[in-house]
Student: 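This is the structure I want to talk about, given as C-alpha coordinates.
All residue numbers refer to positions in the sequence shown, counting from 1. Predicted model only: the values in this text are computed from it and were never measured.
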Amino acid sequence: MERQFPRRIKSYVTRAGRISAAQERALSEYGPALSVPYVAQQIDFAEVFDREAPTVVEIGFGMGETTAAIARARPDVNFLGIEVHTPGVGALMKQIVQDGLSNVRIIQHDAVEVLEHMIARSSLAGIHIFFPDPWHKARHHKRRLIQPPFIKGVVEHLAPEGYIHCATDWEEYAVQMLAVLEGEPGLSNLADGYATAVNPLVERPRTKFEARGLRLGHGVWDLVFRRRN
Ligand SMILES: C[S@@+](CC[C@H](N)C(=O)[O-])C[C@H]1O[C@@H](n2cnc3c(N)ncnc32)[C@H](O)[C@@H]1O
(Lines give C-alpha, C1' and ligand atoms only; values in the text may rest on other atoms or scores of the structure.)
Protein backbone atom coordinates (compact mmCIF):
# COMPACT_ATOMS: atom_id res chain seq x y z
CA MET A 1 0.00 0.00 0.00
CA GLU A 2 1.30 3.47 -0.85
CA ARG A 3 2.21 5.46 2.25
CA GLN A 4 0.28 8.65 2.79
CA PHE A 5 3.37 10.41 4.14
CA PRO A 6 6.15 9.13 1.87
CA ARG A 7 9.03 10.94 3.57
CA ARG A 8 10.95 8.94 6.16
CA ILE A 9 13.72 11.47 6.76
CA LYS A 10 13.18 12.63 10.34
CA SER A 11 12.48 16.29 11.09
CA TYR A 12 14.34 15.98 14.42
CA VAL A 13 17.41 14.43 15.93
CA THR A 14 17.03 12.62 19.21
CA ARG A 15 18.83 14.74 21.79
CA ALA A 16 19.82 13.25 25.11
CA GLY A 17 18.92 16.49 26.91
CA ARG A 18 19.14 16.98 30.65
CA ILE A 19 16.01 15.97 32.47
CA SER A 20 15.30 17.58 35.83
CA ALA A 21 14.19 15.56 38.85
CA ALA A 22 10.80 17.34 38.73
CA GLN A 23 10.31 16.48 35.04
CA GLU A 24 11.24 12.87 35.72
CA ARG A 25 8.80 12.72 38.62
CA ALA A 26 6.05 14.20 36.44
CA LEU A 27 6.72 11.56 33.76
CA SER A 28 6.41 8.65 36.17
CA GLU A 29 3.55 10.04 38.28
CA TYR A 30 1.35 11.60 35.60
CA GLY A 31 2.53 9.79 32.45
CA PRO A 32 -0.03 6.98 32.73
CA ALA A 33 -2.96 9.44 32.95
CA LEU A 34 -1.75 12.14 30.57
CA SER A 35 0.05 10.30 27.81
CA VAL A 36 -1.27 8.16 25.02
CA PRO A 37 1.21 5.46 24.03
CA TYR A 38 2.15 5.28 20.38
CA VAL A 39 0.45 2.39 18.61
CA ALA A 40 -0.12 2.07 14.90
CA GLN A 41 -3.86 2.15 15.47
CA GLN A 42 -6.49 4.90 15.26
CA ILE A 43 -7.49 6.54 18.54
CA ASP A 44 -10.92 7.72 19.63
CA PHE A 45 -10.71 11.32 20.91
CA ALA A 46 -13.90 10.95 23.00
CA GLU A 47 -12.25 8.09 24.86
CA VAL A 48 -8.85 9.76 25.20
CA PHE A 49 -10.29 13.07 26.53
CA ASP A 50 -13.34 11.57 28.18
CA ARG A 51 -15.64 14.01 26.38
CA GLU A 52 -16.82 15.12 22.94
CA ALA A 53 -15.06 18.35 21.93
CA PRO A 54 -13.15 19.75 18.96
CA THR A 55 -9.54 18.53 18.98
CA VAL A 56 -6.43 20.48 18.01
CA VAL A 57 -3.05 18.78 17.53
CA GLU A 58 0.19 20.60 18.28
CA ILE A 59 3.32 19.24 16.62
CA GLY A 60 6.63 19.84 18.43
CA PHE A 61 5.48 21.67 21.58
CA GLY A 62 9.05 21.96 22.93
CA MET A 63 8.75 22.67 26.68
CA GLY A 64 4.99 23.11 26.35
CA GLU A 65 4.44 26.50 28.04
CA THR A 66 2.51 27.75 25.01
CA THR A 67 0.47 24.56 24.80
CA ALA A 68 -0.59 24.94 28.43
CA ALA A 69 -1.37 28.65 28.03
CA ILE A 70 -3.55 28.02 24.96
CA ALA A 71 -5.30 25.11 26.68
CA ARG A 72 -6.05 27.38 29.67
CA ALA A 73 -7.50 30.02 27.36
CA ARG A 74 -9.59 27.53 25.34
CA PRO A 75 -11.06 25.05 27.87
CA ASP A 76 -13.71 23.89 25.37
CA VAL A 77 -11.07 22.50 23.03
CA ASN A 78 -9.04 19.28 23.43
CA PHE A 79 -5.30 19.66 22.80
CA LEU A 80 -3.19 16.71 21.77
CA GLY A 81 0.49 17.63 22.00
CA ILE A 82 3.05 15.59 20.10
CA GLU A 83 6.75 15.87 20.96
CA VAL A 84 9.75 13.54 20.89
CA HIS A 85 11.92 15.32 23.47
CA THR A 86 11.58 13.71 26.93
CA PRO A 87 12.39 16.76 29.13
CA GLY A 88 9.72 18.75 27.26
CA VAL A 89 7.15 16.00 27.78
CA GLY A 90 7.94 15.97 31.52
CA ALA A 91 7.78 19.78 31.68
CA LEU A 92 4.35 19.91 30.02
CA MET A 93 2.97 17.17 32.30
CA LYS A 94 4.14 19.15 35.31
CA GLN A 95 2.46 22.28 33.96
CA ILE A 96 -0.80 20.47 33.16
CA VAL A 97 -1.06 19.24 36.75
CA GLN A 98 0.00 22.61 38.21
CA ASP A 99 -2.70 24.38 36.17
CA GLY A 100 -5.34 21.69 36.77
CA LEU A 101 -5.90 21.26 33.02
CA SER A 102 -8.15 18.41 31.91
CA ASN A 103 -8.05 19.17 28.16
CA VAL A 104 -4.44 18.21 27.28
CA ARG A 105 -2.97 14.81 26.40
CA ILE A 106 0.48 13.95 25.08
CA ILE A 107 1.94 11.49 22.60
CA GLN A 108 5.72 11.14 22.71
CA HIS A 109 6.54 10.01 19.21
CA ASP A 110 7.31 11.23 15.68
CA ALA A 111 4.29 13.35 14.72
CA VAL A 112 4.51 12.20 11.11
CA GLU A 113 3.83 8.62 12.19
CA VAL A 114 1.22 9.67 14.73
CA LEU A 115 -0.78 11.50 12.06
CA GLU A 116 -0.42 8.67 9.63
CA HIS A 117 -1.47 5.88 11.97
CA MET A 118 -3.36 7.25 14.99
CA ILE A 119 -5.44 10.20 13.81
CA ALA A 120 -8.63 9.68 11.81
CA ARG A 121 -9.08 11.51 8.51
CA SER A 122 -11.14 14.72 8.64
CA SER A 123 -11.11 14.69 12.45
CA LEU A 124 -9.07 17.73 13.56
CA ALA A 125 -10.37 21.22 14.31
CA GLY A 126 -6.84 22.53 13.92
CA ILE A 127 -3.11 21.86 13.79
CA HIS A 128 -0.48 24.08 15.43
CA ILE A 129 3.13 23.94 14.27
CA PHE A 130 5.01 26.68 16.10
CA PHE A 131 8.66 27.28 15.26
CA PRO A 132 9.44 23.88 13.73
CA ASP A 133 13.19 23.22 13.50
CA PRO A 134 14.38 25.51 10.67
CA TRP A 135 17.24 23.25 9.51
CA HIS A 136 19.29 26.23 8.31
CA LYS A 137 21.85 24.47 6.11
CA ALA A 138 20.78 23.77 2.52
CA ARG A 139 21.85 20.14 2.75
CA HIS A 140 19.46 19.72 5.73
CA HIS A 141 16.43 21.35 4.11
CA LYS A 142 15.05 17.91 3.30
CA ARG A 143 14.46 17.49 7.04
CA ARG A 144 12.05 20.42 7.22
CA LEU A 145 8.56 19.41 8.25
CA ILE A 146 6.65 21.84 6.04
CA GLN A 147 6.90 20.23 2.62
CA PRO A 148 4.19 19.40 0.06
CA PRO A 149 3.67 15.65 0.83
CA PHE A 150 3.44 16.28 4.58
CA ILE A 151 1.00 19.18 4.15
CA LYS A 152 -1.15 17.08 1.81
CA GLY A 153 -1.42 14.49 4.61
CA VAL A 154 -2.16 17.19 7.18
CA VAL A 155 -5.05 18.54 5.08
CA GLU A 156 -6.62 15.10 4.90
CA HIS A 157 -6.69 15.01 8.70
CA LEU A 158 -8.35 18.40 9.09
CA ALA A 159 -12.12 18.52 9.46
CA PRO A 160 -13.84 20.73 6.88
CA GLU A 161 -13.09 24.33 7.94
CA GLY A 162 -10.27 23.02 10.14
CA TYR A 163 -7.21 25.26 10.25
CA ILE A 164 -3.43 24.95 10.25
CA HIS A 165 -1.40 27.61 12.06
CA CYS A 166 2.36 27.68 11.48
CA ALA A 167 4.91 30.17 12.78
CA THR A 168 8.62 30.61 12.25
CA ASP A 169 11.34 33.12 13.08
CA TRP A 170 13.44 32.12 10.05
CA GLU A 171 12.52 34.24 7.03
CA GLU A 172 13.70 31.82 4.39
CA TYR A 173 11.62 29.02 5.99
CA ALA A 174 8.65 31.42 6.16
CA VAL A 175 8.94 31.92 2.39
CA GLN A 176 8.99 28.13 1.91
CA MET A 177 5.99 27.68 4.24
CA LEU A 178 3.97 30.26 2.33
CA ALA A 179 4.81 28.66 -1.02
CA VAL A 180 3.96 25.15 0.24
CA LEU A 181 0.70 26.14 1.94
CA GLU A 182 -0.44 28.32 -0.97
CA GLY A 183 0.48 25.53 -3.38
CA GLU A 184 -1.79 23.02 -1.58
CA PRO A 185 -5.16 23.07 -3.38
CA GLY A 186 -7.00 21.81 -0.28
CA LEU A 187 -6.14 24.95 1.72
CA SER A 188 -7.07 28.60 1.55
CA ASN A 189 -5.12 31.43 3.15
CA LEU A 190 -7.04 33.39 5.79
CA ALA A 191 -4.73 36.35 5.24
CA ASP A 192 -3.21 38.09 2.28
CA GLY A 193 0.21 36.45 2.59
CA TYR A 194 1.44 36.22 6.19
CA ALA A 195 -1.13 36.47 8.95
CA THR A 196 -0.95 39.37 11.36
CA ALA A 197 -2.01 39.82 14.97
CA VAL A 198 -5.25 41.35 13.64
CA ASN A 199 -6.46 37.84 12.88
CA PRO A 200 -7.88 36.35 16.12
CA LEU A 201 -6.67 32.86 15.16
CA VAL A 202 -3.10 34.16 15.20
CA GLU A 203 -3.28 35.26 18.80
CA ARG A 204 -0.99 32.95 20.71
CA PRO A 205 1.35 33.38 23.62
CA ARG A 206 5.00 33.90 22.76
CA THR A 207 6.81 30.54 22.67
CA LYS A 208 10.16 29.85 24.30
CA PHE A 209 11.87 29.32 20.96
CA GLU A 210 10.26 32.50 19.58
CA ALA A 211 11.59 34.53 22.53
CA ARG A 212 15.07 33.22 21.77
CA GLY A 213 14.71 34.22 18.09
CA LEU A 214 13.54 37.70 19.05
CA ARG A 215 16.55 38.13 21.35
CA LEU A 216 18.72 37.29 18.35
CA GLY A 217 16.95 39.97 16.30
CA HIS A 218 14.87 37.58 14.16
CA GLY A 219 11.42 38.50 12.84
CA VAL A 220 8.30 36.34 13.32
CA TRP A 221 6.02 35.09 10.55
CA ASP A 222 2.63 33.45 11.22
CA LEU A 223 0.60 31.62 8.60
CA VAL A 224 -3.02 30.52 9.04
CA PHE A 225 -4.84 28.50 6.41
CA ARG A 226 -8.23 26.77 6.44
CA ARG A 227 -9.22 23.54 4.78
CA ARG A 228 -11.49 24.10 1.81
CA ASN A 229 -14.64 22.02 1.96
C1 LIG B 1 12.54 24.53 17.50
S2 LIG B 1 11.62 23.60 18.61
C3 LIG B 1 10.21 24.66 18.95
C4 LIG B 1 9.47 24.25 20.19
C5 LIG B 1 8.23 25.08 20.54
N6 LIG B 1 7.18 24.91 19.55
C7 LIG B 1 8.60 26.54 20.72
O8 LIG B 1 8.23 27.35 19.86
O9 LIG B 1 9.27 26.86 21.70
C10 LIG B 1 10.93 22.32 17.59
C11 LIG B 1 10.43 21.11 18.38
O12 LIG B 1 9.78 20.21 17.50
C13 LIG B 1 10.09 18.89 17.90
N14 LIG B 1 9.89 18.03 16.71
C15 LIG B 1 10.53 18.15 15.52
N16 LIG B 1 10.08 17.23 14.66
C17 LIG B 1 9.15 16.50 15.31
C18 LIG B 1 8.34 15.40 14.94
N19 LIG B 1 8.41 14.86 13.71
N20 LIG B 1 7.50 14.89 15.86
C21 LIG B 1 7.42 15.43 17.10
N22 LIG B 1 8.16 16.47 17.51
C23 LIG B 1 9.01 17.01 16.62
C24 LIG B 1 11.53 18.95 18.40
O25 LIG B 1 11.83 17.91 19.30
C26 LIG B 1 11.55 20.34 19.08
O27 LIG B 1 11.25 20.24 20.46
Student: Treating Asp110 as the side-chain partner and Val112 as the backbone partner, does any N or O pair qualify as donor plus acceptor under 3.5 Å?
Tutor: yes

Student: From His218 NE2 over to Phe209 CZ, what is the distance, rounded to the nearest 0.5 angstrom?
Tutor: 8.0 Å

Student: Side chains of Arg212 and Phe131: closer than 4.5 Å at any heavy-atom pair?
Tutor: no

Student: Could you tell me whether Arg51 atom CZ has more than 12 heavy atoms of other residues or ligands within 6.0 Å of it?
Tutor: yes

Student: Less than 4.5 Å apart, any side-chain heavy atom of Leu115 and any of Leu124?
Tutor: yes

Student: How far apart are the C-alpha atoms of Leu181 and Cys166, what are their side-chain angles, what is the distance that settles it, and do they pass the side chain to side chain contact (heavy atoms under 4.5 Å, CB included) test?
Tutor: CA-CA 10 Å; Leu181 295 174; Cys166 301; 4.3 Å; yes

Student: Please work out which of the three classes, parallel, tilted or perpendicular, describes the rings of His140 and Trp135, given edges at 30° and 60°.
Tutor: perpendicular

Student: Using the six-membered ring wherever Trp is involved, compare the ring planes of Phe79 and His128 and label them parallel, tilted or perpendicular (cut-offs 30° and 60°).
Tutor: tilted

Student: Is it true that Val84 and Phe130 fall in one hydrophobic cluster, defined by side-chain heavy atoms closer than 4.5 Å?
Tutor: no

Student: Are the side chains of Phe49 and Leu80 in touch, meaning some heavy atoms are under 4.5 Å apart?
Tutor: yes

Student: In terms of heavy-atom contacts, does CG of Asp50 have more than 12 from other residues, nucleotides or ligands at under 6.0 Å?
Tutor: no

Student: Is it the case that one hydrophobic cluster holds both Ile107 and Val48, taking links as side-chain heavy atoms less than 4.5 Å apart, direct or via other members?
Tutor: yes

Student: Counting only N and O atoms by type, is there a donor-acceptor contact under 3.5 Å from the side chain of Arg226 to the main-chain atoms of Tyr163?
Tutor: no

Student: Is Met93 reachable from Met63 through a run of hydrophobic residues whose side-chain heavy atoms are each under 4.5 Å from the next?
Tutor: no

Student: Quick one: do Leu158 and Leu187 satisfy side chain to side chain contact (heavy atoms under 4.5 Å, CB included)? Show the steps, please.
Tutor: CA-CA 10 Å; Leu158 287 175; Leu187 290 175; 4.2 Å; yes

Student: Would you say Thr67 and Glu83 make side-chain contact, with heavy atoms under 4.5 Å?
Tutor: no

Student: Evaluate the side-chain proximity of Trp221 to Val175: yes if any heavy-atom separation is below 4.5 Å, no if none is.
Tutor: no

Student: Is the shortest side-chain heavy-atom distance between Asn103 and Arg74 below 4.5 Å?
Tutor: no

Student: Where do His157 and Arg121 land on the side chain to side chain contact (heavy atoms under 4.5 Å, CB included) test, with the steps shown first?
Tutor: CA-CA 4 Å; His157 286 80; Arg121 306 284 162 97; 3.9 Å; yes

Student: Does one hydrophobic cluster hold both Phe61 and Tyr12, with members joined at side-chain heavy-atom distances below 4.5 Å?
Tutor: no

Student: When rounded to the nearest 0.5 angstrom, what is the spacing between CD in Gln108 and CG in Leu27?
Tutor: 7.0 Å

Student: Decide, yes or no, whether a salt bridge links Glu184 with Arg228 under the criterion of side-chain N to carboxylate O below 4.0 Å.
Tutor: no

Student: For Arg206 and Glu65: C-alpha separation, side-chain torsions, deciding distance, then whether salt bridge (Lys or Arg N to Asp or Glu O under 4.0 Å) applies.
Tutor: CA-CA 9 Å; Arg206 184 170 289 175; Glu65 316 85 341; over 6 Å; no

Student: Does Glu52 use its side chain to pair, donor to acceptor, with the backbone of Ala46 at less than 3.5 Å?
Tutor: no

Student: Test side chain to side chain contact (heavy atoms under 4.5 Å, CB included) on Thr168 and Met177; report intermediate values, then the result.
Tutor: CA-CA 9 Å; Thr168 181; Met177 286 180 176; 3.8 Å; yes

Student: Does the side chain of Val114 reach to within under 4.5 Å of the side chain of Ile119, using non-hydrogen atoms?
Tutor: yes

Student: Does any non-hydrogen side-chain atom of Asn189 lie less than 4.5 Å from one of Leu178?
Tutor: yes

Student: From Ile59 CD1 over to Ile129 CD1, what is the distance, rounded to the nearest 0.5 angstrom?
Tutor: 4.0 Å

Student: Say whether, by atom type as modelled, one donor and one acceptor occur between the side chain of Tyr173 and the main chain of Pro132 under 3.5 angstrom.
Tutor: no

Student: How many angstroms lie between CG in Leu92 and OG in Ser35, if you round to the nearest 0.5 Å?
Tutor: 11.0 Å

Student: Examine distances only and state if a side-chain atom of Glu24 and a backbone atom of Ile19 form a donor-acceptor pair shorter than 3.5 Å.
Tutor: no

Student: Do side-chain atoms of Asp169 reach the backbone of Glu210 as a donor and acceptor pair under 3.5 angstrom?
Tutor: no

Student: Got a sec: does the CG of Asp44 have more than 12 other heavy atoms crowding it under 6.0 Å?
Tutor: yes

